[in-house]
Amino acid sequence: MPAYKAPLRDLQFVMHEMLNAEAHYQAIGAEDASRDMVDAIMGEAAKFCEEVLSPLNQVGDQEGCTWNDGEVTTPTGFKEAYKQWVDNGWPSLAQPTEFGGQGLPDSIGNVVSEMVSTANWAWGMYPGLSHGAMNTIELHGTDEQKEVYLSKLVSGEWTGTMCLTEPHCGSDLGTLKSKAEENADGSYAISGTKIFISSGEHDMAENIVHIVLARLPGAPEGTKGISLFIVPKVLPDGTRNDVKCGSIEHKMGIHGNATCVMNFDGAKGFLIGPPNQGLKCMFTFMNFARLGTAMQGVASAELSFQGALTYARDRLAMRSLTGPKAPEKAADPIIVHPDVRRMLLTQKAFAEGGRMMMMHASQMVDQVKYSKDEAQKKEADDLLGFLTPIAKAFLTEVGTEAANHGVQVYGGHGYIQEWGMEQIVRDNRIAQLYEGTTGIQALDLLGRKVLMTQGESLKNFTKIVHKFCKANAENEAIKPMVTQLATLNKEWGDLTMQIGMKAMQNREEVGGAAVDYLMYSGYAVLAYYWALMAEKAQATLDAGTDEVDFYQSKVTTAKFYFDRILPRTAGHKGCMLAGVDSTMAMDEAHFAF
Ligand SMILES: Cc1cc2nc3c(=O)[nH]c(=O)nc-3n(C[C@H](O)[C@H](O)[C@H](O)COP(=O)(O)OP(=O)(O)OC[C@H]3O[C@@H](n4cnc5c(N)ncnc54)[C@H](O)[C@@H]3O)c2cc1C
């Protein structure tokens, strides 16, 4: 497994030079979050991730979790790392001060989260899910629930989970069966089985707070009859609740994180939010978790890039096509070969472009939460709604592509366990599935977010791109990128109209086009962020800097992205416009083998 090195210079570039973090924090009223403070937090988090979490990544994969009679033991070192995490106050970083938090904005928490995710994704899921549980209770819980649960979650003494999936349903939660019956004391008895519950049971914290979806008696069928409950493993009075981990899954990756079957046998639960509005409330958790999962794609691209780059500089094989580059050695390092460079640059483009996209989205999360300007709040919320399915599905798809390039750069050594490159592929593969599969995110984007708003949500974004293109139309240094981006931006709207028209004739056109539309959108969004970064880097070079290598590498990676990755949009365009006829023409009986 490559030893993780936090990309601090690039994080500073994104936070300060691209996103002007200090001004953003002033604008949302978080005046304490100065540049020095942000840098100090990043520096401390980097140390923890490099020195404590990264060395446990391969240990977690090889040992996995063990189940014994309802108890789960996490891999060697996980529990001790969690204690350090809590002792150092990391869980409370971006939590409200009333409950013991440090009150910093979410975007600072997300910078830390990127580092944790890259150093050790499986470990990071334990505190990661707690964060979602905290947000849900903060937004929908009663004062008493906040008092009892939030302070313990904020301190990290307790952790949280999200319990949605049941054996017969994951994407289609409308059919879930878990029941909640009211007790005489106003609490509820929760019964049912939830499967695939991440961090559902473990030995790292004294209590686990499950956020559970279940149905009240006589509730309407479908998604309109689902309610949300807090079900703690240990009740506030100290008694053990009737929720037990029945088993843990043996799975492809993220072995260090316990994926649990959770049996609720009349467990005591407490309603959060109004009855039958549970799915709506759970969306707080799910939207948070979707952005968190998008980060897994960035983490996968970053870690596999770090491993592949080190190896490509070291490994010798054959000579460069233009003559030896290391004549004193038996062969040239493989980084001289165009195909190896193609893979490295693809990983770098996804890691750094994805980071930029995620950090920008994090600032929108801050604005939605803290801005006093209602118009800005709404704008950020709309934009975030549009970007969330793209970030979740696109970044995890290309994260897996990047991880596969990592294996490929190592040749046969990538396929064996020793180097850890195959672990990154296995660990990231789940990111395309949980928190809504790529197919479900694509339907959300094209159906709900774009077509149901008559294209308004897309226009919110393309307007921003248009403004940038107009402002840089005469910027010679990045003109080819701007021209390509402006053409694509227009085409994106035209394509949406064409699919919308087809969908009026046949609704299946939406389902047939959705994933191509999402990937097209992902490449377009990333093109915008790369053009922005190229513009800033080129301007810095023109003004004179002693960090020429850093800024030049940004401009070069942006050019590579536009030359070699962005043309993939043409393939997606062709596929989505081809329509759904040939996909649906096959009689089901003809799917034979
Ligand atoms: C390791 C792991 C950890 C997990 N952690 C959690 C957790 O913490 N909490 C939790 O609640 N769940 C968790 N899950 C569950 C996860 O969220 C679900 O597995 C996921 O949402 C998919 O649901 P499913 O497995 O039931 O697949 P299905 O819903 O059966 O989907 C199967 C396939 O059909 C496609 N499909 C379904 N409906 C449509 C449609 N209308 N149009 C097009 N395609 C469609 C899907 O895209 C997919 O390709 C976890 C799963 C795993 C494996």
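Order of listing sets the numbers, starting from 1, for every ligand and every atom in it.
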#### Entry: Worked check of ring-ring contact (aromatic ring centres under 6.0 Å, His included) between Phe270 and Tyr188
CA-CA 6 Å; Phe270 308 94; Tyr188 291 81; 8.7 Å; no
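- For atom 44 (N) of ligand 1, no protein heavy-atom neighbour is found at a distance under 4.0 Å.
- Of all protein heavy atoms, the one lying nearest to atom 8 (O) of ligand 1 is Ser198 N, 3.0 Å.
- Gly170 CA, 3.9 Å is the protein heavy atom nearest to atom 24 (P) of ligand 1.
- Using cut-offs of 30° and 60° for the angle between ring planes, the Phe386 and Trp492 rings count as tilted.
- Selection from Ile430, Val212, Ile195, Ile211 by nearest heavy atom to atom 52 (C) of ligand 1 gives Ile430.
- Using the six-membered ring where Trp is involved, Trp85 and Trp123 have ring planes that are perpendicular, over 60° apart on the 30 and 60° scheme.
- Contacts between Leu129 and ligand 1 below 4.0 angstrom, taking non-hydrogen atoms only, are absent altogether.
- Residue contact annotation: Glu435 has a non-hydrogen atom under 4.0 Å from ligand 1.
- The protein reaches atom 47 (O) of ligand 1 closely, with a heavy atom under 4.0 angstrom from it.
- Between Tyr523 and Phe394, the angle of the ring planes goes over 60°, which puts this pair in the perpendicular group of the 30/60° scheme.
- The pair Glu166-Lys177 fails the salt-bridge criterion, with no side-chain N (NZ, NE, NH1 or NH2) lying under 4.0 Å from an Asp/Glu carboxylate O.
- In this structure, Glu397 has no salt bridge (charged side-chain N to carboxylate O under 4.0 Å, His left out) partners at least two apart in sequence or on a different chain.
- For atom 49 (O) of ligand 1, the nearest protein heavy atom (residue, atom name, distance) is Thr437 CG2, 4.5 Å.
- When hydrogens are left out, the protein atom nearest atom 39 (C) of ligand 1 is Ile440 CD1, 3.7 Å; that is the closest non-hydrogen contact.
- Counting protein heavy atoms under 4.0 angstrom from atom 34 (O) of ligand 1 gives zero.
- Nearest non-hydrogen protein atom to atom 51 (C) of ligand 1 is Phe196 CB, 3.5 Å.
- The number of heavy atoms from other shown groups lying within 6.0 Å of NZ (Lys369) is above 12.
- Contacts between Thr259 and ligand 1, counted as non-hydrogen atom pairs separated by less than 4.0 Å, involve the side chain only.
- Distance screen at 4.0 Å: atom 3 (C) of ligand 1 has a protein heavy-atom neighbour inside the cut-off.
- A salt bridge is absent between Lys146 and Glu138; no separation between the charged side-chain nitrogens and carboxylate oxygens falls under 4.0 Å.
- With 3.5 Å as the limit, one finds a donor-acceptor pair spanning the side chains of Tyr434 and Gln296.
- Nearest protein heavy-atom contact of atom 37 (C) of ligand 1 is Ser171 OG, 4.0 Å.
- Nearest protein neighbour of atom 12 (N) of ligand 1, counting heavy atoms only, is Thr165 OG1, 2.6 Å.
- The pair Asp61-Arg426 meets the salt-bridge criterion, with a side-chain N (NZ, NE, NH1 or NH2) lying under 4.0 Å from an Asp/Glu carboxylate O.
- The nearest non-hydrogen atom to atom 21 (O) of ligand 1, considering only Val515, Ile254, Leu433, comes from Leu433.
- Residues satisfying the salt bridge (charged side-chain N to carboxylate O under 4.0 Å, His left out) test with Asp587, not counting sequence neighbours, are none.
- Among protein heavy atoms, atom 41 (N) of ligand 1 sits closest to Leu443 CD1, 4.0 Å.
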